[in-house]
Amino acid sequence: MRLMEGVCKIFFVLIIVLPLIAKQVSATQHVVGGSQGWEESVDLNSWASAQTFKVGDQLVFKYSSGLHSVVELGSQTAYKNCDLGTSLDSKNTGNDVVKLNKVGTRYFACGTLGHCDQGMKMKITTVAGNAPSTPASDSDTSAAAFFPRSFPTFLLFSPLLILYFLL
């Protein structure tokens with residue numbers, strides 16, 4: 001009888017807790033522009049439209065430092081007009097990471113004079129972390145779906161696990 005209780009507890013941990021922990025490490029790093037990176041020759045909007053960006057994911061901008069930079073623009077108007085004077089943020093290390101921490105559209109452009117006007121810009125739309133990657137995938141019904149990916153969801157269940165093993 002005691003052996004059966006132990007097996008049930010292990011089964012509980014494997015089935016309930018491990019998927020919640022695994023979900024925490026499922027954030028994706030998107031290298032902007034793919035293997036070519038953040039470069040003038042890349043059709044960045046085509047690249048972006050083929051991706052699904054979720055809350056918790058990261059954009060990684062790889063480029064030649066000194067030749068390019070990354071400027072986040074605050075509005076669609078600034079994006080359309082390449083108005084770099086209204087930037088929200090600017091990066092120039094050549095290996096910049098931008099965390100996607102909320103749902104919505106964000107706009108990025110190269111800060112080097114003339115590059116944005118030549119098309120070195122992109123807009124991305126970030127969806128909720130529990131949104132399906134493709135229309136064909138099943139929806140997420142776990143408790144982790146109600147929290148951002150950065151929240152360690154398994155901590156919600158820690159008190160329950162402790163009580164379960166003590167009883």
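Everything numeric here is computed off the predicted structure, so don't read it as measured data. Along the sequence shown, residues carry numbers from 1.
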**Asked** Which pair of non-hydrogen atoms, one from Leu67 and one from Thr112, has the smallest distance, and what is that distance?
**Response** O-OG1, 2.8 Å

**Prompt:** What's the spacing between Leu84 CG and Glu72 CD if we round to 0.5 Å?
**Reply:** 12.5 Å

**Asked** Can you find a heavy atom in the side chain of Ser90 that is under 4.5 Å from one in the side chain of Val71?
**Response** yes

**Request:** For the pair Lys54 and Thr28, evaluate side-chain contact (heavy atoms from CB on, under 4.5 Å) and give the outcome as yes or no after the intermediate values.
**Result:** CA-CA 8 Å; Lys54 296 181 180 181; Thr28 301; over 6 Å; no

**Asked** Is it true that Met120 and Val98 fall in one hydrophobic cluster, defined by side-chain heavy atoms closer than 4.5 Å?
**Response** yes

**Asked** Is there less than 2.5 Å between the SG of Cys116 and that of Cys82?
**Response** yes

**Message:** Is there a path of hydrophobic side-chain contacts, each under 4.5 Å between heavy atoms of I/L/V/M/F/W/Y residues, joining Tyr63 to Trp47?
**Reply:** yes

**Asked** Shortest non-hydrogen contact from Leu44 to Glu39?
**Response** CD1-O, 4.3 Å

**Item:** Minimum side-chain heavy-atom gap Thr52-Val127 below 4.5 Å
**Value:** yes

**Fill in**
In short, Gly33 meets Val42 closest at the heavy-atom pair CA-CG1, 3.9 Å

**Asked** Between Thr86 and Gly74, is there a donor-acceptor pair closer than 3.5 Å when you use the side chain of the first and the backbone of the second?
**Response** no

**Asked** Are Ile124 and Tyr79 in one and the same hydrophobic cluster, where Ile, Leu, Val, Met, Phe, Trp and Tyr link if side-chain heavy atoms are under 4.5 Å apart?
**Response** no

**Item:** Residue pair Tyr107 / Lys123: nearest heavy atoms and the distance that separates them
**Value:** CD2-CB, 3.6 Å

**Fill in**
Between the CD atom in Gln76 and the CZ atom in Arg106, the distance rounded to the nearest 0.5 Å is 16.0 Å

**Prompt:** Transitively linked via ILVMFWY side-chain contacts under 4.5 Å: Leu100 with Leu73?
**Reply:** no

**Item:** Student check: side-chain heavy atoms of Leu59 and Met122 closer than 4.5 Å
**Value:** yes

**Request:** State, to 0.1 Å, how close Lys121 and Lys80 come at their nearest heavy-atom pair, and which atoms those are.
**Result:** NZ-O, 3.5 Å

**Item:** Distance in Å, Asp83 CG paired with Thr77 OG1, rounded so as to fall on 0.5 Å steps
**Value:** 9.0 Å

**Fill in**
For Val55 and Lys102, the nearest pair of non-hydrogen atoms, with its separation, is CG2-C, 3.7 Å

**Request:** Quickly, which of Phe61, Phe53, Phe108, Trp38 forms a ring-ring contact (aromatic ring centres under 6.0 Å, His included) with His30? Name it, please.
**Result:** Phe53

